[in-house]
*Asks:* 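Just passing along the structure, written as structure tokens.
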Protein chains: 2
Amino acid sequence: MVNISTEDYLKAIYQINTEKNEAATTTEVACKLDISKAATTEMVQKLSERGFINYEKYKGVELTDEGKKIALQILRRHRLWELFLIKVLGLTWSEVHDEAERLEHTTSDLLINKIDEYLGFPDFDPHGSPIPDKFGVLPEMPALTPLSECDTGISYRIMLVNDASNELMNYFTSIGIELKTELYLSGRLDFDRTLFIEINGIRHPVTEKMAKHLFVEKV
Amino acid sequence: MVNISTEDYLKAIYQINTEKNEAATTTEVACKLDISKAATTEMVQKLSERGFINYEKYKGVELTDEGKKIALQILRRHRLWELFLIKVLGLTWSEVHDEAERLEHTTSDLLINKIDEYLGFPDFDPHGSPIPDKFGVLPEMPALTPLSECDTGISYRIMLVNDASNELMNYFTSIGIELKTELYLSGRLDFDRTLFIEINGIRHPVTEKMAKHLFVEKV
DNA sequence: TCCAAAAGTTAGGTATGCCTAATTATTTAT
DNA sequence: ATAAATAATTAGGCATACCTAACTTTTGGA
């Protein structure tokens with residue numbers, strides 16, 4: 001059994017908070033971290049005592065300012081590492097996630113600031129996610145729509161790919177999906193909302209679940 | 001309390017084995033890792049069961065081939081990171097040790113091999129220590145003498161600086177000691193074996209304990 | 001050679017972070 | 001409004017990796 005760090009809890013809670021725009025439930029946190037709900041309850045109580053989150057029995061959790069600060073620090077480290085590994089060391093889109101997942105916990109402020117500087121203080125990581133600056137401030141981002149909610153018969157540009165599994169990233173790469181890729185959304189099945197997209201004139205099916213990971217803007 | 005990893009135990013044992021050229025005692029390991037002798041005994045028993053070390057009650061420990069392989073992998077990661085941080089990201093001699101101490105545990109083979117390649121498969125780290133290659137093989141090294149055992153009235157070149165504390169590294173840097181620095185060993189006190197070295201014509205005292213960390217060859 | 005000091009091990013205990021099973025609270029559907 | 005389903009918490013337990021204190025073995029000097 002590998003112990004999950006405080007940082008991982010705060011990161012998970014931050015992500016859930018951000019996606020839902022409300023308190024994260026015990027179940028959601030447990031599910032994201034792949035541990036039992038009981039373990040989550042226990043840790044959530046401790047994190048609350050330590051002042052990182054606001055927790056009320058049965059009401060879910062939200063980050064305090066202090067918790068948010070730490071979560072943003074971790075996102076900063078994660079995203080800068082991903083960009084660095086791709087741009088400088090030549091790793092691939094599907095390789096960087098797991099690597100960054102480990103490095104983010106063992107990188108000092110000194111080092112991450114050097115990496116930031118080396119990269120020229122970038123605003124976005126290789127998946128299009130915004131990189132918090134050294135003060136924890138996120139760059140401005142345009143409002144994006146998940147491809148799953150888009151209208152057919154229109155062209156879009158991919159602006160953010162939600163970092164899910166290695167396998168999914170590889171699949172996206174294999175059909176030509178990268179950041180800034182333009183695609184034409186040609187149709188959608190009523191049956192199960194499978195989408196059809198065209199990239200460089202080639203048609204690919206995309207399941208609804210996949211499409212929820214692709215965030216686009218109109219071309 | 002921060003848990004010490006298997007990797008840290010093997011690394012410590014490797015270093016003691018290498019320095020002494022015989023089995024590491026419980027006390028030495030405990031001291032190096034800053035834990036109790038009891039905890040060391042317990043862990044040493046487990047590592048022995050897992051086949052990483054040969055351990056006999058009251059007789060100290062030595063690495064098995066498997067244990068040695070892991071220790072060399074960690075040294076490889078540590079030393080490549082140190083070089084990378086200095087050469088690519090501009091960290092200083094005194095900053096890299098602690099950083100590498102953490103990164104060495106969270107770096108995949110894939111990543112460390114990319115770093116190795118980026119650096120052009122170097123043989124030595126910034127302290128002059130040999131870097132094991134991807135198969136765990138150490139490069140050839142000339143036999144070096146600790147400055148503490150050298151004769152006075154002769155010039156030497158620093159070929160290896162034993163990575164001790166941050167503070168010591170800073171002090172060395174401040175008096176002009178770097179890798180490949182040439183110095184003239186002008187004298188030694190009978191009183192406490194304090195040495196006097198000259199670098200760029202300036203004379204500095206060096207305690208015997210410090211001098212044990214400096215390994216040199218005749219110019 | 002033998003005894004005291006040093007080194008090493010064993011015993012017993014603690015904190016952490018996970019687990020499953022049982023219980024309690026909340027939500028949902030009729 | 002209430003029962004059933006779902007969600008969350010509590011209770012009790014376990015493994016890990018540390019600790020201190022007590023005991024045993026080894027070593028080194030008179």
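Since the model is a prediction, treat every value here as computed from it, not as a measurement. In what follows, chains are A, B, ... by sequence order, proteins preceding strands, each numbered from 1.
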*Asks:* Side-chain N or O of A/K57 less than 4.0 angstrom from OP1 or OP2 on D/dT10?
*Replies:* yes
*Asks:* Nearest-nucleotide wise, let me know which of B/Y9 and A/A38 is further upstream toward the 5' end of DNA chain D.
*Replies:* A/A38
*Asks:* Could you please name the option among D/dC18, C/dT10, D/dA7 that lies closest to any side-chain atom of A/T27?
*Replies:* D/dA7
*Asks:* Looking at every strand, decide which applies to B/T40 at a 4.0 Å heavy-atom threshold: base, sugar-phosphate, or nothing.
*Replies:* nothing
*Asks:* Salt-bridge test for A/R50 and A/E66: reply yes if a basic N is under 4.0 Å from a carboxylate O, no otherwise.
*Replies:* no
*Asks:* Among B/H213, B/H97, B/E82, find the one that has a side chain to side chain donor-acceptor pair (under 3.5 Å) with B/H127.
*Replies:* B/E82
*Asks:* Judged by each residue's nearest nucleotide on DNA chain C, which is more toward the 5′ side, A/A39 or B/K59?
*Replies:* B/K59
*Asks:* Using a heavy-atom cut-off of 4.0 Å across all strands, would you classify A/T26 as base, sugar-phosphate, or nothing?
*Replies:* sugar-phosphate
*Asks:* Is it true that, when you exclude B/K87 itself, more than 12 heavy atoms of the residues, nucleotides or ligands shown sit nearer than 6.0 Å to its NZ?
*Replies:* no
*Asks:* Is A/E22 salt-bridged to A/K59, going by a charged N under 4.0 Å from an acidic O?
*Replies:* no
*Asks:* Measure the distance from CG on A/L33 to P on C/dG17 and round it to the nearest whole Å.
*Replies:* 13 Å
*Asks:* Has A/Y58 got a side-chain N or O lying under 4.0 Å from the OP1 or OP2 atom of D/dT10?
*Replies:* no
*Asks:* Check whether any side-chain nitrogen or oxygen of A/S36 sits under 4.0 Å from OP1 or OP2 of C/dC19, and answer yes or no.
*Replies:* yes
*Asks:* What integer distance in Å separates A/M43:CE from D/dT10:C1'?
*Replies:* 17 Å
*Asks:* Between D/dC19 atom P and B/N3 atom CG, what is the distance in whole Å?
*Replies:* 10 Å
*Asks:* Using whole Å, what does the distance between atom P of nucleotide D/dA17 and atom CD of B/E7 come to?
*Replies:* 13 Å
*Asks:* In whole Å, what is the span from the CD1 atom of B/I35 to the P atom of C/dG8?
*Replies:* 13 Å
*Asks:* May I ask you to evaluate whether A/K37 reaches the phosphate of C/dC19, defined as a side-chain N or O under 4.0 Å from OP1 or OP2?
*Replies:* no
*Asks:* Between C1' on D/dA17 and CG on B/D8, what's the gap in Å once rounded to a whole number?
*Replies:* 13 Å
*Asks:* Inspect the surroundings of NZ in B/K69 and state if more than 12 heavy atoms from other residues, nucleotides or ligands are less than 6.0 Å away.
*Replies:* no
*Asks:* Heavy atoms under 4.0 Å, any strand shown: does B/Q45 hit a base, just sugar-phosphate, or nothing?
*Replies:* sugar-phosphate
*Asks:* Between atom CD1 in A/I16 and atom P in D/dA7, what is the gap in whole Å?
*Replies:* 14 Å
*Asks:* Distance check needed: D/dC18 C1' versus B/I4 CD1, whole Å only.
*Replies:* 9 Å
*Asks:* Would you say B/Y55 places a side-chain N or O within less than 4.0 Å of OP1 or OP2 belonging to C/dG8?
*Replies:* no
